[in-house]
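Just follow the structure's listing: the first ligand is 1, and inside any ligand the first atom is 1. In this chain, numbering begins with 1 at the start of the sequence shown.
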Amino acid sequence: MLNIAKQVLNMINNNGYKAYIVGGFVRDYLLGIESNDIDITTSATPKQLQEIFQDIDLASEEYGSVTLMIHKIRFEITTFRKEIQYIDNRRPLEIEYIDDLYQDLQRRDFTINTICMDKNLEIIDLLNGKRDLEQGIIKTVGDANKKLREDSLRILRAIRFSTNLGFCLSNDIELAIKENKHLLRHLSYNRKKQELDKIFANKNAKQGIELLLRFHLDRELELERLTDIKNTDSLISVWSILNVIDIYPFNNSEKELITSINRTLKLDNLDPRVLYDYGLYVNSVAGAIKGIDKKKITEAYNNLKIHSKKELEITSEEIMELLKKEPGEYLTEIYKDIENKILYGILDNQNDVIKNYILQEY
Ligand code: ATP
Ligand code: MG
């Protein structure tokens with residue numbers, strides 16, 4: 001990964017522009033954590049970058065930032081810039097491209113996110129980010145109150161970094177969160193969810209939730225059930241308990257999953273019919289929320305006589321022929337009945353046994 005990053009920096013440098021790795025990659029590299037993508041800050045503008053790397057699609061250019069994929073590594077390349085006057089506490093009204101790294105670092109959120117690395121892997125640390133990284137502290141670049149007011153997402157980013165890295169928040173960030181937390185209401189649910197996902201998916205999610213509660217952000221974020229979360233084993237279990245599919249963005253399959261998990265929370269996750277209808281995954285997540293041992297649920301699931309309709313030793317054609325009837329609603333009823341009888345061990349899943357039963361009962 002580093003070798004490819006070096007090549008990218010070299011290519012930009014060889015065209016006469018400055019370029020450094022910045023942000024998450026450098027921070028995590030110094031902490032010995034693996035990164036998924038690499039942020040680069042450069043004096044080259046998106047247009048100039050396109051001349052260097054043909055695969056850059058300028059259509060994706062947003063606020064002077066372009067994405068480059070090389071060998072499956074995602075590079076987010078952003079032109080040095082100054083952000084001029086913020087509107088609605090979230091977006092800069094205007095950006096101005098500049099030629100100076102120091103000024104670019106000034107507009108960033110936290111000192112630990114301002115450490116840079118050049119093409120020789122030398123660390124460039126203009127704002128003492130390394131010291132704060134070593135001390136395990138999240139500090140804003142400049143005045144905390146001003147930074148959080150400019151973009152209230154930084155409130156959640158501060159909590160995310162504190163949670164995931166196990167770092168403390170500086171006193172002035174804590175004060176600024178209390179002062180500005182109401183601004184979270186103006187932020188898009190999409191941006192909020194991205195940060196919340198990162199908090200809830202982390203192994204320290206519990207501490208993250210405690211931190212959100214300590215600042216009473218549950219109210220600002222409309223997460224009424226945040227206090228109910230005991231189990232943070234999976235991201236989906238957290239979102240299921242929060243049950244905010246009407247407010248936050250989820251895709252259809254996530255919505256369906258969350259709805260099913262909530263339904264089975266009220267049912268017996270070891271009951272054969274519940275296991276059969278909702279499957280192992282949904283019941284395991286619901287079971288985990290209720291503190292039922294996953295092994296027990298897996299065992300009960302594996303012991304089911306049938307796991308789907310396909311495993312039934314009878315087909316709808318056979319049923320229709322047996323009853324000399326055309327297809328109709330009655331089939332659903334019969335299926336439900338024989339599934340139940342088989343699941344609860346009243347009927348064997350054998351073709352002749354099922355046929356006899358149907359002839360007798362229908
Ligand atoms: P990760 O990629 O691990 O989630 P990151 O720190 O790299 O963390 P990104 O969202 O990739 O976060 O942003 C890259 C860099 O851009 C950050 O390190 C920070 O310097 C700057 N940055 C990102 N978002 C903001 C923001 N809302 N306000 C100020 N600076 C920001
Ligand atoms: Mg990043």
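Between K139 and D132, at least one side-chain nitrogen of the basic residue sits less than 4.0 Å from a carboxylate oxygen of the acidic one, meeting the salt-bridge criterion. Taking a cutoff of 4.0 Å between a charged side-chain nitrogen and a carboxylate oxygen, R107 and E150 do not qualify as a salt bridge. Between E311 and K305, no side-chain nitrogen of the basic residue sits less than 4.0 Å from a carboxylate oxygen of the acidic one, so the salt-bridge criterion is not met.
Within ligand 1, counting atoms from 1 as listed, the ones closer than 4.0 Å to a heavy atom of G24 are 5 (P), 6 (O), 7 (O), 18 (O). Short contacts between ligand 1 and K198, defined as distances under 4.0 Å to a heavy atom of the residue, involve ligand atoms 4 (O). Close approach of ligand 1 to R107 is summarised as follows: ligand atoms under 4.0 Å from at least one heavy atom of the residue are 29 (C). Within the listing of ligand 1, atoms 18 (O) sit less than 4.0 angstrom from a heavy atom of G23.
Of all the listed residues (R157, R160, E76), R157 holds the heavy atom that lies closest to atom 9 (P) of ligand 1. Among R27, R108, E195, the residue whose heavy atom lies nearest to atom 6 (O) of ligand 1 is R27. Around atom 28 (N) of ligand 1, the closest heavy atom drawn from Q194, R154, E150 belongs to R154.
Judged by distance alone, the side chains of T163 and N202 never bring a donor and an acceptor atom under 3.5 Å apart. Side-chain contact check for N251 and S253: at least one donor-acceptor pair (N or O, by modelled atom type) lies under 3.5 Å. Using modelled atom types, one finds no donor on one side chain facing an acceptor on the other under 3.5 Å when comparing D143 with N145. Under the 3.5 Å distance criterion, with hydrogens and angles disregarded, a donor-acceptor pair is assigned to the side chains of N340 and R273. Checked by atom type, the side-chain pair E51/N15 shows no donor-acceptor distance below 3.5 Å.
Residue contact check for ligand 1: F161 places a non-hydrogen atom closer than 4.0 Å to it. Look at D39 and you'll find a heavy atom under 4.0 Å from some atom of ligand 1.
If you look at N113 next to ligand 1, the close heavy atoms, those under 4.0 Å, come from the backbone and the side chain alike.
Note on D37: not counted as a metal contact of the Mg ion (ligand 2), no N/O/S atom lying under 2.8 Å.
Looking only at its N/O/S atoms, D39 has OD2 as the one nearest to the Mg ion (ligand 2).
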